[in-house]
Enquirer: 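This is the structure, below, for whatever I ask next.
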Amino acid sequence: MAMAGLYKRVLPSPPAVDFASSDGKQLFIEAIQNGTMEGFYKLISYFQTQSEPAYCGLASLSMVLNALAIDPGRKWKGPWRWFDESMLDCCEPLEKVKEKGISFGKLVCLAHCAGAKVQAFRTNQSSLDDFRKFVVRCSTSDDCHIISSYHRATFKQTGTGHFSPIGGYHAGRDMALILDVARFKYPPHWVPLRLLWEAMESVDEATRQCRGYMVLTTCFRFYLVKLHLFWTADVCSRYSLWGSAGSCKHESWVKVAKYLMDDVPNLVKTDDVKDVHKVLSVVFSSLPSHFGEFIKWIAEVRRREDGGRNLSLEENGRLSLKEEVLKQVQETGLFKHVVAFLSSLTLCCRNAPTLSDENNLPDIAATVCCQGAELLSGAFGSSERYCCQETCIRRLRANGDKPITLVSGTVVNGSSEQGVDVLVPSCPNKLNCCGSGPSNCNGIYPAGNDVLTALLLALPPETWRGIKDEKLLNEMYSLVSTENLPILLQEEVLHLRRQLHLLKKCQENKVDEDL
C-alpha cells in the first residue's frame with residue numbers, strides 16, 4: 001500500500017541562511033566574537049521539537065521557561081518538575097491548541113501563568129528599532145529570551161502563522177537566528193531582522209490582530225499566593241498564582257476569580273465599613289469555601305545524608321530570596337493590620353478565614369517529610385504508606401553564613417527508614433522548635449498572615465474605590481500602594497497583579513484584546 005507523507009522541507013535560501021551551512025557557521029562565529037550569542041547557550045540546551053503540528057507556541061514557551069530555570073511548581077513525570085507542552089493548559093485547552101494552535105495573546109497569558117515576567121508587543125505597539133534593541137539586549141545576556149510570532153510566507157516558507165524563539169543576533173548583517181521548533185520541517189536559520197519584522201506585521205486571521213514578539217525574563221519572585229489553575233496538589237518550591245483546576249474556565253477558579261475581582265469591590269461599598277479592621281472582616285468573612293486549596297507554600301526537600309549542614313549555592317540563593325521577601329511582607333503596614341485582625345478572631349468564630357487544615361509547622365513538616373521521602377524513593381503516589389515518626393525544627397549555620405531553618409524528619413515505611421530535611425524560608429526570631437507545639441514556631445515559616453497580606457497587596461487599586469469613608473479610602477490606598485515597597489516585594493506583587501488581570505481576561509475570553 002502507498003502512504004503519503006512528508007520528510008522535511010527545503011529551506012528557501014535566500015532569504016534564510018541555514019544555521020549548519022558554511023555561511024551560517026560563519027555568521028555564528030562572528031556573532032560569538034561580537035558577544036551577541038550569549039542567550040544562545042541556555043536556549044540550545046533546552047531546544048525541543050514541537051510534539052504536535054500546532055504546538056509551536058507551547059514548544060517555544062516551554063523551551064524558554066526551562067532556559068530561564070523557572071520552576072513550574074508541579075511535577076512533569078515521576079518526581080521531576082519540568083516544563084513540557086502538556087503542562088501549558090491554563091489559558092487554552094490542549095485539544096483546542098492541538099486543532100487550531102494558540103493566539104499571541106493567549107501565549108502571553110500562558111507565560112504569565114507559568115511564572116515568567118513578560119513584556120509583549122504587537123507590531124502596531126512597537127517599532128523595528130525597539131524590536132532590534134530587545135534582540136540585542138537578549139542576545140548579549142542569558143537572563144532574557146524573545147519569542148517571535150510571525151507568518152512563514154514572508155520567508156517563502158510553507159505554512160502560515162508560527163512561533164519560535166530568537167537564539168542570537170549578527171549585528172554586522174542585522175540578522176536574527178530563529179531556533180525553529182518545527183525541526184521536522186526546517187532547521188534553525190538566520191533571517192534579516194527587517195524581514196522578520198515584516199513577517200510579524202502580518203495580521204492573524206483568527207484574532208484580526210497584528211502578530212508580535214514577547215520578551216521573557218525571570219524576576220525576584222517568591223510567589224506569595226498560589227491560585228491554582230492546573231490539575232495538581234503537589235508540594236512545590238514557591239508561591240504563585242496557579243491552580244488545582246484544569247483551566248481558568250474551571251468552576252473552582254471562576255468562583256475565586258469572581259470573588260477577588262468582582263465581589264470584593266462590591267463588599268467594601270457597604271455603609272458599615274468604617275475602619276481597616278472592618279474592611280478585612282468584610283473581605284475575609286466571605287472567602288469561597290475551598291479558598292484554602294488555592295494557597296500553598298512550598299518546601300524544598302533533600303535526603304539528610306545528601307546535605308549535612310551545607311547548602312548548595314542554588315539552595316542558598318533561593319532560600320535567601322524567599323526569606324528576604326517574607327521579611328519585607330512582614331514589615332508592611334498592611335501586615336500589622338492583618339495580624340491584629342486575625343488575632344482578634346476567636347477559634348469559635350465561624351467567619352475566621354481558614355487557609356489550611358494544618359496551619360502549624362510541626363504538622364506541615366510531618367506531611368512534607370512523608371511526601372519528600374516518597375519523592376526521593378521514586379514512589380510518589382504509590383499505595384505504600386509512609387509515616388513520619390519524628391520531626392525536629394532547628395536553626396543551623398550553613399556554609400558559615402546566616403542561620404537557616406531546617407526541618408529534619410524520620411520517615412518509616414515498613415522496615416525501612418529515611419531521613420529527610422526540609423528547607424524552610426524563615427525569619428530569625430526563633431532558634432529551636434524541636435518537640436514544641438505550634439505556638440512556639442509561629443513566625444518562622446510563611447503563614448496565613450503573610451499570604452493574606454500578599455493577596456491584598458496584589459488586588460488592583462480600584463478594588464477599594466467603593467469605600468465611602470474618604471479618610472478610610474485614603475488609608476487603604478496608602479496601605480496597598482506598591483510605590484514605596486522594597487523592590488523584591490514590589491516585583492512580586494506587581495507580577496501577581498498582572499497574573500490576576502490576565503487570567504480574568506482569559507476567563508472572559510478577552511485576552512487577545514488587551515495585552
Enquirer: Does some side-chain heavy atom of Pro188 sit less than 4.5 Å from a side-chain heavy atom of Leu179?
Expert: yes

Enquirer: Output all residues satisfying disulfide (SG to SG under 2.5 Å) with Cys210, sequence neighbours left out; order by chain, then residue number.
Expert: none

Enquirer: Quick one: are Lys106 and Leu110 in side-chain contact, heavy atoms under 4.5 Å?
Expert: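 Side chain of Lys106 against side chain of Leu110, heavy atoms only: no contact under 4.5 Å found.
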
Enquirer: Would you say the side chain of Leu456 lies within less than 4.5 Å of the side chain of Trp464, judging by non-hydrogen atoms?
Expert: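 Result yes, sub-4.5 Å side-chain heavy-atom pair found.
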
Enquirer: Sorted by first residue and then second, give each side chain to side chain donor-acceptor pair (under 3.5 Å) pair with at least one member in residues 36-45; sequence neighbours left out.
Expert: none

Enquirer: Minimum heavy-atom separation for Leu65 and Ala116, please, with both atom names.
Expert: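 Taking every non-hydrogen atom into account, CD2-CB, 3.9 Å.
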
Enquirer: Return the CH2 to CG distance between Trp76 and Asn66, rounded to the nearest 0.5 Å.
Expert: 9.5 Å

Enquirer: For Arg173, what residues pass the salt bridge (Lys or Arg N to Asp or Glu O under 4.0 Å) criterion, not counting sequence neighbours?
Expert: Asp23

Enquirer: For Arg152, is there an ion pair with Asp180 - N to carboxylate O distance below 4.0 angstrom?
Expert: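 Salt bridge flag = yes for Arg152 with Asp180.
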
Enquirer: Quick one: pull up CD in Gln328 and CD1 in Ile487 and give me the separation to the nearest 0.5 Å.
Expert: 9.5 Å

Enquirer: Dump the intermediate steps for side chain to side chain contact (heavy atoms under 4.5 Å, CB included) on Lys185 and Gln157, then the final yes or no.
Expert: CA-CA 10 Å; Lys185 186 175 184 179; Gln157 298 172 3; over 6 Å; no

Enquirer: Any chance you could measure Glu491, atom CD, to Thr482, atom OG1, to the nearest 0.5 Å?
Expert: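 Here the rounded value is 10.5 Å.
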
Enquirer: What orientation do Phe28 and Phe19 show, parallel under 30°, tilted 30 to 60°, or perpendicular over 60°?
Expert: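 Correct class here is perpendicular.
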
Enquirer: Describe, in one word, how the ring planes of His189 and Phe155 are oriented to each other, choosing from parallel (under 30°), tilted (30 to 60°) and perpendicular (over 60°).
Expert: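 Perpendicular, since the angle between the ring planes exceeds 60°.
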
Enquirer: For Pro72 and Arg81, work out which heavy atoms get closest and say how close.
Expert: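 Nearest heavy atoms, Pro72 then Arg81: CG-C, 3.7 Å.
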
Enquirer: Rounded to the nearest 0.5 Å, how far apart are CD of Gln48 and CZ of Arg183?
Expert: 8.5 Å

Enquirer: May I have the step-by-step check of side chain to side chain contact (heavy atoms under 4.5 Å, CB included) for Leu68 and Thr217, ending in yes or no?
Expert: CA-CA 7 Å; Leu68 289 171; Thr217 59; 5.5 Å; no

Enquirer: Which of these, Asp174, Thr140, Asn34, sits in a side-chain hydrogen bond (donor to acceptor under 3.5 Å, both in side chains) with Tyr169?
Expert: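 Filter result, single survivor: Asp174.
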
Enquirer: Any sub-3.5 Å donor-acceptor pair from Ser141's side-chain atoms to Arg137's backbone N or O?
Expert: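 Yes; at least one donor-acceptor contact below 3.5 Å.
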
Enquirer: Using side-chain heavy atoms (C-beta onward) and a distance below 4.5 Å, is Glu492 in contact with Leu488?
Expert: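 Sidechains of Leu488 and Glu492: no contact.
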
Enquirer: Provide the closest heavy-atom pair for Phe163 versus Ser149 in the form atom of the first, atom of the second, distance.
Expert: CE2-CB, 3.4 Å

Enquirer: Between Phe83 and Tyr46 (judged by ring centroids, cut-off 6.0 Å), do the two rings come close enough to count as a pair?
Expert: no

Enquirer: Dump the intermediate steps for side chain to side chain contact (heavy atoms under 4.5 Å, CB included) on Phe184 and Leu6, then the final yes or no.
Expert: CA-CA 9 Å; Phe184 51 83; Leu6 295 171; over 6 Å; no

Enquirer: My understanding is that only residues two or more places apart in sequence, or in another chain, count here; which of them pass ring pair (Phe, Tyr, Trp, His ring centres under 6.0 Å) with Phe131?
Expert: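 Ring pair (Phe, Tyr, Trp, His ring centres under 6.0 Å) list for Phe131, sorted by chain: Trp197, Tyr213.
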
Enquirer: When rounded to the nearest 0.5 angstrom, what distance separates CZ in Arg9 from OH in Tyr186?
Expert: 6.0 Å

Enquirer: Under 3.5 Å, is there a donor-acceptor pair between the side chain of Glu95 and the main chain of Lys98?
Expert: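 Not at all, since once roles are kept as given, no pair shorter than 3.5 Å links the two residues.
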
Enquirer: Please walk me through it: do Leu177 and Met37 pass side chain to side chain contact (heavy atoms under 4.5 Å, CB included)?
Expert: CA-CA 9 Å; Leu177 175 63; Met37 292 300 296; 3.9 Å; yes

Enquirer: With a cut-off of 6.0 Å (strictly less than), are more than 12 heavy atoms of other residues, nucleotides or ligands near NZ of Lys336?
Expert: yes

Enquirer: Evaluate the side-chain proximity of Leu88 to Ser62: yes if any heavy-atom separation is below 4.5 Å, no if none is.
Expert: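 Counting from C-beta outward, Ser62 and Leu88 do come under 4.5 Å.
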
Enquirer: Does any part of the side chain of Phe104, heavy atoms only, come nearer than 4.5 Å to the side chain of Met214, both counted from C-beta?
Expert: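 Side-chain contact under 4.5 Å: yes.
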
Enquirer: With no hydrogens and no angle check, is any side-chain donor or acceptor of Arg465 less than 3.5 Å from a backbone partner on Pro265?
Expert: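 Here the side-chain-to-backbone pair does not exist.
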
Enquirer: Check for a donor-acceptor pair, side chain of Ser164 on one end and backbone N or O of Val181 on the other, with a separation under 3.5 Å.
Expert: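 Looks like yes, one N/O pair under 3.5 Å.
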
Enquirer: On a heavy-atom basis, which atom in Ala20 and which in Lys25 lie closest, and how many Å separate them?
Expert: O-CE, 3.2 Å

Enquirer: State which residues pass disulfide (SG to SG under 2.5 Å) with Cys138; sequence neighbours excluded, sorted by chain then number.
Expert: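 Here the qualifying residues are Cys144.
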
Enquirer: Can you establish whether the number of heavy atoms outside Glu462 located under 6.0 Å from its atom CD is more than 12?
Expert: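 Yes, CD of Glu462 has more than 12 neighbouring heavy atoms, counting only those of other groups under 6.0 Å.
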
Enquirer: So, does Ser478 use its side chain to make a donor-acceptor pair with the main chain of Asn474 at under 3.5 Å?
Expert: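 Side chain of Ser478 to backbone of Asn474: no pair is present.
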
Enquirer: Any non-hydrogen side-chain atom of Leu107 less than 4.5 Å from a side-chain atom of Glu92?
Expert: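 Sidechains of Glu92 and Leu107: no contact.
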
Enquirer: Looking only at heavy atoms, what is the nearest atom pair of Pro165 and Met63, with distance?
Expert: CG-SD, 3.9 Å

Enquirer: Taking salt bridge (Lys or Arg N to Asp or Glu O under 4.0 Å) as the definition, give me every residue that meets it alongside Asp143, ordered by chain and number, with sequence neighbours left out.
Expert: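 Scan of Asp143 (salt bridge (Lys or Arg N to Asp or Glu O under 4.0 Å), adjacent residues dropped) gives none.
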
Enquirer: Are the side chains of Gln209 and Asp204 in contact, using a 4.5 Å heavy-atom criterion?
Expert: no

Enquirer: Can you name the closest pair of heavy atoms from Val191 and Ala16 and give their distance?
Expert: CG1-CB, 4.1 Å

Enquirer: Hey, could you give me the OG1/CE distance between Thr154 and Met200, rounded to the nearest 0.5 Å?
Expert: 10.5 Å

Enquirer: Do we see a donor-acceptor contact under 3.5 Å between the side chains of Glu85 and Ser51?
Expert: yes

